[in-house]
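Data block below; observations after.
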Amino acid sequence: MSPSSPPGRPRRRPRPALLAAGAAVAGLLLAGLPAAVSHAADQESCRPDGLYETPGVDVPYCSVYDSAGREKMGPDHQRRVIGYFTGWRTGKDGKPAYLASDIPWDKVTHINYAFAHVDSADRISVGADGPTNAATGMTWPGVAGAEMDPDLPYKGHFNLLNKFKKQHPNVKTLISVGGWAETGGYFGDDGTRVDSGGFYSMATNADGSVNQTGIDTFADSAVDFIRTYGFNGVDIDYEYPTSMKDAGNPLDWSLANSRRAGLVKGYAALMRTLRQRLDRAGAADGRHYLLSVAAPSSGYLLRGMETFQVQKYLDYVNIMSYDLHGAWNEYVGPNASLFDDGKDAELAAAGVYSTSQYGGIGYLNTDWAYHYFRGSMPAGRINIGLPYYTRGFKNVTGGTNGLWGKAPSTSCPAGSGLTKCGDGAVGIDNLWHDLDTDGKEAPAGSNPMWHAKNLEKGIVGDYVTRYGFPADTELTGTYVREYDSTLVAPWLWNAQKKVFLSTEDEQSVDAKADYVVDHGIGGTMVWELAGDYAWNAAKGQYEPGSTLTTAMYEKFKSASPYGAKRSTVDLPSQALDIDVDFGQFPLGDSNYPISPKLTITNNTSVTLPGGTEFRFDYGTSAPGNAKDQSGWGTTVIRSDHTGDNVGGLKGDYHRVSLKLPSWQMLAPGASTQVDFVYYLPVSTPSNWTVTFGGRTYALAGDLTRGTTVVDPGQATPTPTPTATSSASPTPTSTPSGSATPTPTGSATPTASPGPTGSCTAAAWDSAAVYTGGDTVSHQGHTWKAKWWTTGEEPGTTGEWGVWQDLGAC
């Protein structure tokens, strides 16, 4: 498997401290938030599929979502464009500024302010207030567009964000908490790091138990904070709550490693508590508050996050589908390729392509990460990440123009925790560099994309003097742009210097935007807006701009609505309270193969008999070879993808069947366990059904739109599918996340079968697939399918619809 996690995103240097939240100012300037929505509205009709709702709270979903559960972002924004806006590019240090006035407000849908942190009292904070505080106190006299809004009681970035939100009311802002440098600590007012423990100690006690007191304190302060400063929600950038040893910032290892066994539970408790606090605040304020996370994309990190159980609490997940290759090891590859090509040198060295249990599936690419999360979420609640920065190596040997070559080094940055690493690019090829703990340049090949474009064109921009280079700096060698269409990855290759810089440009961004549209994905997330570029003809150089963001906007503005439904087939409309949980995961590197225990708890009033069948979907991020070791006869009955994933995974799900052994019953309140095994990470298995007594039900824990929790003795659920129809594959050419995703209001109710009398055709089954000429009985009539169909109820499709009425039977 991969080595420990990479040093994360670029640019995590100490910076002027930011303001502490303090007490909320009741009702103060909720600038840019949508108008309050009447609690009399049917809010459940707007709840996104699979999103947890705090019990007893009338959450005002319709303030943010439409009747299909899709986010309302303005008529020309069918998909999200989320941009991280950092607080430290103020221009006060002599380097180019990037202020709220530089944001392309008409092209984005959400802005995440980076970063707030968890302070020593477990509260959200941006540091002590004052005129040097970039978030709330700083001003920029004489800078056009940076004039303060005098109606707001604070200055700084927060003032400007709310000023522009008034002009662009469809844009939402979130406060992002954490990041690479401030997950396990924070920068004090003097710019030095305070090793407070951050997320690690706030959410998890030293003995690995959940720190609910710290979580409650943080969640309450977060609600106060967003009310005070006019944010639409909270984005958690916890890097990383994984059981993999030495993951995350090396400065945090001494504390994080001792708590690994409890980090996932603490993370889940944190997100559940935040969701509940935000729901209650939203109900009081008449507006739904958003909750999102920045999630890792590497299969290595995700392997230690169990099944990412927090997905149900999130409005959406932002995948950090970058930092997939970099100078934390010797393997030279793209920062953020869209697909695998079967040649990844790091994966090959780990035996991923040659070990049959992996199925040849490469897990260091955006498509794999998307399908990981798609296993538990609708496509529209997922956003893929794009980097507006480079990563790169020097002294590269082998490969094709550097790609899949090697660049080993034993001279690793101080504080990196590494004794063996890659030879990262430096100097003019590392403009956005961090400093190591000795204050020296950390080699990483990290540059804004506008600087990379100048390197590509052989231009030395006039800004280089502000980064410490002389005005007469000359470039060595030629930076030739290369592009791999299988990977969807551009890079610059300097053959003379043996420098490899992984980039993004219009071609790769257009391809990724097409991918988002074609798969029904919610949109994109960008780290960070200040790295985008534009051509300055007067100066003859590239500078900060909005070329790539505009390209995404143009692709998305007339796209079809995103995929709002998790399941690719209709599920029963009635659900039972049967709890299913994958737990007791072995920790870290002991967790291979991945072998949790599946616990099934019967919370209904009836006994489940032997032979009761459970079915569920898991994502194609893992091969279709899951099994159990408990005699339950686990069988993969449908696979939307087989084989390797070169060029992308072809479908979303594998469907699994397992049955309660014939000799075993599950009484009300009782639990049973199954030893499960699979070989690559998957997020929480979903789309559950349970069948017994000739009836099929959904499970309440899936939180599927349109389902009603019932008592089995009083329900009229879906008839049990026949063996033939239940195993029919779902055509992979029309997944629910396709370019024309099926509109989903409430899920289509499944009608009770009518009296069959002398009907001889099999009863219609909402989950079955029918082709032209198939006949069914339904509501006392025989019906014939005119063409392929699934989930369309006979008698509801009209004269010109798929079902022809052959008369009463």
Side-chain angles (χ1 to χ4, degrees), residues 50 307 309 312 376 566-567 569-584 595-618 626-638 653-678 684-704 706-727 747 749-753 763 765-768:
T307 62
Q309 296 93 319
K312 64 183 178 181
S376 62
R566 179 177 52 208
S567 177
V569 298
D570 283 338
L571 297 173
S573 61
Q574 295 183 327
L576 301 186
D577 186 8
I578 297 174
D579 184 60
V580 289
D581 175 68
F582 287 86
Q584 301 181 47
S595 53
K597 293 186 182 299
L598 167 61
T599 302
I600 300 174
T601 303
N602 180 11
N603 297 317
T604 75
S605 62
V606 301
T607 296
L608 302 181
T612 294
E613 182 185 24
F614 293 88
R615 292 185 178 185
F616 64 82
D617 290 337
Y618 73 90
K627 59 186 179 181
D628 78 85
Q629 297 177 325
S630 303
W632 282 52
T634 294
T635 305
V636 176
I637 59 173
R638 190 194 81 224
Y653 294 124
H654 305 295
R655 188 141 186 89
V656 171
S657 168
L658 65 161
K659 295 179 180 179
L660 195 66
S662 59
W663 47 264
Q664 182 177 356
M665 296 185 297
L666 197 60
S671 297
T672 186
Q673 282 191 336
V674 186
D675 292 322
F676 222 74
V677 173
Y678 51 98
T684 308
S686 61
N687 306 323
W688 285 80
T689 60
V690 58
T691 299
F692 62 96
R695 301 291 186 180
T696 299
Y697 305 84
L699 296 193
D702 260 342
L703 302 168
T704 304
T707 55
T708 302
V709 181
V710 298
D711 180 274
Q714 301 174 359
T716 55
T718 304
T720 303
T722 64
T724 300
S725 63
S726 64
T750 303
S752 305
D765 170 19
S766 66

Donor-acceptor pairs under 3.5 angstrom involving side-chain atoms of residues 660-667: please list them, not counting sequence neighbours.
| unit_1 | atom_1 | unit_2 | atom_2 | d |
| --- | --- | --- | --- | --- |
| Gln664 | NE2 | Thr672 | OG1 | 2.8 |

Do [X] and [Y] have side-chain heavy atoms sitting under 4.5 Å apart?
{"X": "Val606", "Y": "Pro668", "answer": "no"}
{"X": "Leu658", "Y": "Phe616", "answer": "yes"}
{"X": "Ser630", "Y": "Gln673", "answer": "no"}
{"X": "Thr689", "Y": "Arg655", "answer": "yes"}
{"X": "Ser595", "Y": "Tyr678", "answer": "no"}
{"X": "Leu576", "Y": "Val710", "answer": "yes"}
{"X": "Val656", "Y": "Thr635", "answer": "no"}
{"X": "Trp632", "Y": "Ile600", "answer": "yes"}

Run the side chain to side chain donor-acceptor pair (under 3.5 Å) check on Gln574 and Thr707 step by step: do they pass?
-> CA-CA 5 Å; Gln574 295 183 327; Thr707 55; over 6 Å; no

To the nearest 0.5 Å, tell me how far Asn602 CG sits from Leu608 CG.
->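 Going from the CG atom of Asn602 to the CG atom of Leu608 covers 4.0 Å.
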
What is the distance from atom CG of Asn687 to atom CG of Leu571, rounded to the nearest 0.5 Å?
->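 Result: 5.5 Å between the selected atoms.
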
Step by step, would you call Thr696 with Thr691 a side chain to side chain donor-acceptor pair (under 3.5 Å)?
-> CA-CA 4 Å; Thr696 299; Thr691 299; 2.8 Å; yes

CA sep, side-chain torsions, deciding dist, call: Leu703, Lys312, side-chain contact (heavy atoms from CB on, under 4.5 Å) | CA-CA 8 Å; Leu703 302 168; Lys312 64 183 178 181; 4.0 Å; yes

Carefully, step by step, assess Thr599 and Val580 under the rule side-chain contact (heavy atoms from CB on, under 4.5 Å).
-> CA-CA 6 Å; Thr599 302; Val580 289; over 6 Å; no

For [Y], does its backbone N or O pair with a side-chain atom of [X] as donor and acceptor, under 3.5 Å?
{"X": "Ser567", "Y": "Val569", "result": "yes"}
{"X": "Arg695", "Y": "Pro712", "result": "no"}
{"X": "Thr684", "Y": "Thr307", "result": "yes"}
{"X": "Thr708", "Y": "Gly706", "result": "no"}
{"X": "Asp702", "Y": "Trp688", "result": "yes"}

Could I get the full list of side-chain hydrogen bond (donor to acceptor under 3.5 Å, both in side chains) partners for Asp581, not counting sequence neighbours?
->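 For Asp581 there are no side-chain hydrogen bond (donor to acceptor under 3.5 Å, both in side chains) partners, ignoring immediate neighbours.
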
Test side-chain contact (heavy atoms from CB on, under 4.5 Å) on Val690 and Thr612 and set out the steps.
-> CA-CA 7 Å; Val690 58; Thr612 294; 3.5 Å; yes

Aromatic rings Phe582 and Phe676: how do their planes relate, parallel, tilted or perpendicular, breaks at 30° and 60°?
->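 Taking Phe676 first and then Phe582, their aromatic rings stand perpendicular (interplane angle over 60°).
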
Report the residues that fulfil salt bridge (charged side-chain N to carboxylate O under 4.0 Å, His left out) with Asp675, sequence neighbours left out, ordered by chain and then residue number.
->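 Only Lys597 meet the salt bridge (charged side-chain N to carboxylate O under 4.0 Å, His left out) criterion with Asp675.
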
For the residue pair Thr634 and Lys627, what are the closest heavy atoms and their distance?
->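 Taking Thr634 first and Lys627 second, the nearest heavy atoms are CG2-CA, 4.1 Å.
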
Which pair of non-hydrogen atoms, one from Ala700 and one from Ala575, has the smallest distance, and what is that distance?
->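 Scanning both residues completely, I find the closest heavy atoms to be N-CB, 3.7 Å.
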
Using a strict 4.0 Å threshold on nitrogen-to-oxygen distance, state whether Arg566 and Asp617 make a salt bridge.
->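 Asp617 and Arg566: not salt-bridged.
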
Would Asp577 and Thr604 count as having a side-chain donor-acceptor pair, cut-off 3.5 Å?
->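 Result is no, nothing qualifies.
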
Would you tell me whether Ser671 and Thr601 have side-chain atoms, one donor and one acceptor, within less than 3.5 Å of each other?
->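 Judged by distance alone, the side chains do pair up.
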
Test of ring centre spacing under 6.0 Å for Tyr618 and Tyr653 =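 For Tyr618 and Tyr653, the ring centres are not under 6.0 Å apart.
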
